[in-house]
Amino acid sequence: MFFTLRLLIANINGPLILPTSLQEKHRGQLMGEIGGKKPKVVIVGAGMAGLAAGRRLHACAGDLLDIAVVEAGDRIGGRILTSKFAGAQVEIGATWIHGIDGSPIYEIARKAGALIPDDHATSWERKDGFPSDPLTLGEGGLSIDPSLLSRISSVFSNLKDLIVSGKTNGEIASVGEFFRRGFESYRAEKHRADWMEEAAFAMHECGERTYTAVDDLESLDLAAEKEYCEFPGEHITLPGGYSRVPEFLAAALPLGTIRLRRKVSKVEWHPVGLAGRDPVRILYDDGEAEFADHVIITVSLGVLKAGVINGDGLLFSPSLPEAKIHAIRRLGFGLVTKLFMELEGGEEEKSPFPYLRMAFDPSRQVAEIPRWIRRTDSICPINRVSRVLLAWFVGREAAEVEKMDDDEIIRGLHATLNGFSPPPAVDGGGYGRIARVRKSGWGKDPRFLGSYSYVAVGSSGDDQDALADPLPSDSSLSPLQILFAGEATHRTRYATTHGAYLSGLREADRLLRHYGIHSFKS
């Protein structure tokens, strides 16, 4: 949360144009194939997948292809969005590079200057790395024995290692069931039935939900987890802001290639092929239409699901093949909401707020703590010197938080902090008061309808491959009319910017091979 590039990656320093002699050779071949006009490629979506595909095509084909990137919103970047809150730089969407050794995203970030702080950014998420000194408390401000926490952490880590290695019981379908059986085996072996152990284990489960974007771990497929890959090395955030990465990719495209505020409502195609050119018709929500030889769809799985399930997302005419529809239905698409909070008070050299991990008592709950925060495992400063705090919400709770007004959220936060403070505690207990909040809203945004994908029980990596298959599958008259990219189409790096980026390269390379143009680097 792998696709091995068998072609050489184009130089990511900037546009890489074919030598004139090669351009003329290919231009002659292409013009003969399509009646004297350049093949037109429309890329739907200006997120990482769309920008990667556009940049690759332009870098390797030069002006042999007529390329357009159309974006429904008023900005590029998709689910990457760097912003400001309470004087700090925050990431509303993608936050981490999951492994830097050999990572193409890390290399782009380096060349884009994103590894260097912005001139106006003195504070950003995990500026000083991930905290290693959490304060873990039970409800009522109860201290939890460090040895108990260490035991439960070890149990959970060992179970995760078994999942990654594939050494699991083949009869168990879900990650949630595997975790629960492992925990119950531990308790039976140790003859333990401590509520604090249960609360501590549930806290780890909540953290795993955040990582996978799944509402309930019982719906996360166990077998597929061993296929998920990350690049080796450190996991990092970007001092210069994650948005510099898509901005760097976009800067390599000719002016006018990217068109904002162009929402595609329907794509019409010809399953049995069409002699001649322009087999694809793209309809926009303003009633305009555009013809193309190829369209690369990079919208989120959430938008594809909306189109398949209730006709509210992107539509296709005729409908997509049954295999692709089933894949879209079966794969999971989760919602993660980041909630940023500003602490009242002045400037300190160190944040007055700890890295608070919350072990909720499953049997004797503090009545004032709202239900929507009871599956959030932590609240912590974005770095050690910041007064900006961050909590993550997943699934049902994430959707609920998106709908709530700020005052209601703040009241719930104060009640929660009171519930994790020794009595008497009011207005945030000993942790201070929350002055204001800002939340992400990926679930209610019609351009995304969620955060990132996962392999649900009943699905598999085969569905991710089916989602990535181009259409039509067997036409020699007009092949590759519709291609699909995006993190959900990547079998081993789904749910990450790596997956999105590599899937865009994959589909660009598919078109380049179709026209006999090779990918290369300088």
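All values below were derived from every heavy atom in this structure, side-chain atoms included, with hydrogens, water molecules and symmetry-related copies excluded. One-based numbering along the sequence shown.
- At least one test fails for Arg357 against the ring of Phe420: distance under 6.0 Å to the centre or angle within 45° of the axis.
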Derivation of the side chain to side chain donor-acceptor pair (under 3.5 Å) call for Asp221 and Ser460: CA-CA 8 Å; Asp221 187 77; Ser460 72; over 6 Å; no

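- Taking the centre of each ring, Tyr454 and Phe333 stay at or above the 6.0 Å mark.
- Geometrically, Lys160 does not engage Phe178 in a cation-pi contact defined by less than 6.0 Å to the ring centre and at most 45° from the axis.
- Donor-acceptor pairing under 3.5 Å is lacking for the side chains of Gln464 and Thr489.
- Thr497 and Tyr242 are linked by a side-chain donor-acceptor pair at a separation below 3.5 angstrom, with hydrogens and angles left out of the test.
- No side-chain heavy atom of Arg447 sits under 4.5 Å from any side-chain heavy atom of Lys263.
- Judged by a 6.0 Å distance limit and a 45° cone about the ring axis, Arg151 is not positioned over the six-membered ring of Tyr186.
- Between Leu343 and Phe353 there is a side-chain heavy-atom pair separated by less than 4.5 Å.
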Is there a side-chain contact (heavy atoms from CB on, under 4.5 Å) between Phe156 and Phe179 once you walk through the steps? CA-CA 8 Å; Phe156 195 84; Phe179 280 146; 3.6 Å; yes

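- Side-chain atoms of His235 and Glu230 include a donor-acceptor pair closer than 3.5 Å.
- Looking at Glu225 and Leu220, their side chains come closer than 4.5 Å, going by heavy atoms from C-beta outward.
- Salt bridge status for Glu91 with Lys338: absent, with no side-chain N to carboxylate O gap under 4.0 Å.
- Take Arg330 and apply the salt bridge (Lys or Arg N to Asp or Glu O under 4.0 Å) test, not counting sequence neighbours, and it matches Asp463.
- Across Leu304, Val308, Ile309, a single residue satisfies side chain to side chain contact (heavy atoms under 4.5 Å, CB included) together with Ile325, and that is Val308.
- Under the 4.5 Å side-chain criterion, counting only non-hydrogen atoms from C-beta, Glu177 is not in contact with Leu222.
- In this structure the side chain of Arg209 reaches within 4.5 angstrom of the side chain of Leu217, judged on heavy atoms.
- Contact detail for Ala488 and Leu467: the closest heavy-atom pair is O-CD2, 3.8 Å.
- Aromatic ring centres of His98 and Phe231: separated by at least 6.0 Å.
- In this structure the side chain of Trp442 never reaches within 4.5 angstrom of the side chain of Leu449, judged on heavy atoms.
- Side-chain atoms of Ile409 and Leu339, non-hydrogen and from C-beta on, do get closer than 4.5 Å to each other.
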